[in-house]
Amino acid sequence: DQQVKQNSPSLSVQEGRISILNCDYTNSMFDYFLWYKKYPAEGPTFLISISSIKDKNEDGRFTVFLNKSAKHLSLHIVPSQPGDSAVYFCAASGNSGGSNYKLTFGKGTLLTVNP
Amino acid sequence: NAGVTQTPKFQVLKTGQSMTLQCAQDMNHNSMYWYRQDPGMGLRLIYYSASEGTTDKGEVPNGYNVSRLNKREFSLRLESAAPSQTSVYFCASRSLPTGRQDGYTFGSGTRLTVV
């Protein structure tokens, strides 16, 4: 049973346009959400996060939106750049500060930004 | 640079052979994790160690054992490798408790092929 779902395996956008990556979750105990970016042959790197007490968090070109009632979050990248081309993983946790903190990941979405 | 170091980067095993994947972090983090990444499956948690001296099973622990040797090191052992364990393995660490909201720091991965 997949608790974190990224239903789009891939997304292609033009440079300068907006990229929107979506993520759904089923576990209502999740209270902390993160996005990771992964280039080939490298480990994932943290991008941006959001706590369930917020509905939006912004960091430069990256904004994450959280809709708790719909159990849905999205990552917006504006404007998109070719260097943003990577696999993006959505992740969630139900214990952001506790000793049993661990992340559950989605399957990832491959973003391609075309020049 | 500070971070998570994994060795080896690549390994080919024959079915039935054993090996240990090594992971070390120099950030004084409390928690450490082992994930595997398979095509179309995202990142799945194998084992984790919330603190030195403790280990717990994750989502896919069968066929693996772990040792939290000290605060810095967390190893993953395959006692009798099987082709189904062909994967890319990532080690990660996190400081706990923390007010930072940046999730894990990942190593660059070990690509394991079992023939």
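So you know, we letter chains A, B, ... as the sequences are listed, proteins then strands, and number each from 1.
Rounding to the nearest 0.5 Å gives a distance of 13.5 Å between CZ of F106(B) and CD of E42(A). Q3(A) CD to E59(B) CD: the interatomic distance, rounded to the nearest 0.5 Å, is 8.0 Å. Rounded to the nearest 0.5 angstrom, L43(B) CG and T104(A) OG1 are separated by 11.0 Å.
A chain of hydrophobic side-chain contacts below 4.5 Å, direct or via other Ile, Leu, Val, Met, Phe, Trp or Tyr residues, connects V60(B) to V114(B). F62(A) and V13(A) fall within a single hydrophobic cluster, where Ile, Leu, Val, Met, Phe, Trp and Tyr side chains are chained together by heavy-atom contacts under 4.5 Å. Under the 4.5 Å side-chain heavy-atom criterion for Ile, Leu, Val, Met, Phe, Trp and Tyr, F46(A) and Y33(B) are members of the same hydrophobic cluster. Clustering ILVMFWY residues whenever any of their side-chain heavy atoms sit less than 4.5 angstrom apart, transitively, puts L11(A) in the very cluster that holds I77(A). Side-chain heavy atoms closer than 4.5 Å link hydrophobic residues (I, L, V, M, F, W, Y) into clusters, and following such links, even through other members, never connects F65(A) to F33(A).
When side chains are defined from C-beta on, L103(A) counts as touching Y104(B), because their heavy atoms get closer than 4.5 Å.
Using a 4.5 Å heavy-atom cut-off against chain B, no residue of residues 52-59 of chain A qualifies as contacting. Residues of residues 105-115 of chain A lying under 4.5 angstrom from chain B, judged on non-hydrogen atoms, are F105(A), G106(A), K107(A) in numerical order.
Contact of A41(A) with chain B is made through the backbone alone, with heavy-atom distances under 4.5 Å. Contacts between Q6(B) and chain A at a heavy-atom distance below 4.5 Å are absent for every atom of the residue. Interface residue P44(A): backbone and side-chain heavy atoms are both found under 4.5 Å from chain B.
Qualifying side-chain hydrogen bond (donor to acceptor under 3.5 Å, both in side chains) partners for K5(A), counting only residues two or more places apart in sequence or in other chains: none. With sequence neighbours left out, the ring pair (Phe, Tyr, Trp, His ring centres under 6.0 Å) criterion links Y89(B) to Y64(B).
Within 6.0 Å of the CZ atom in R17(A), the count of heavy atoms belonging to other residues, nucleotides or ligands does not exceed 12. The number of heavy-atom neighbours closer than 6.0 Å to CZ of R111(B), taken from other residues, nucleotides and ligands shown, is 12 or below.
Smallest separation of non-hydrogen atoms from G43(A) and F90(B): CA-CE2, 3.5 Å.
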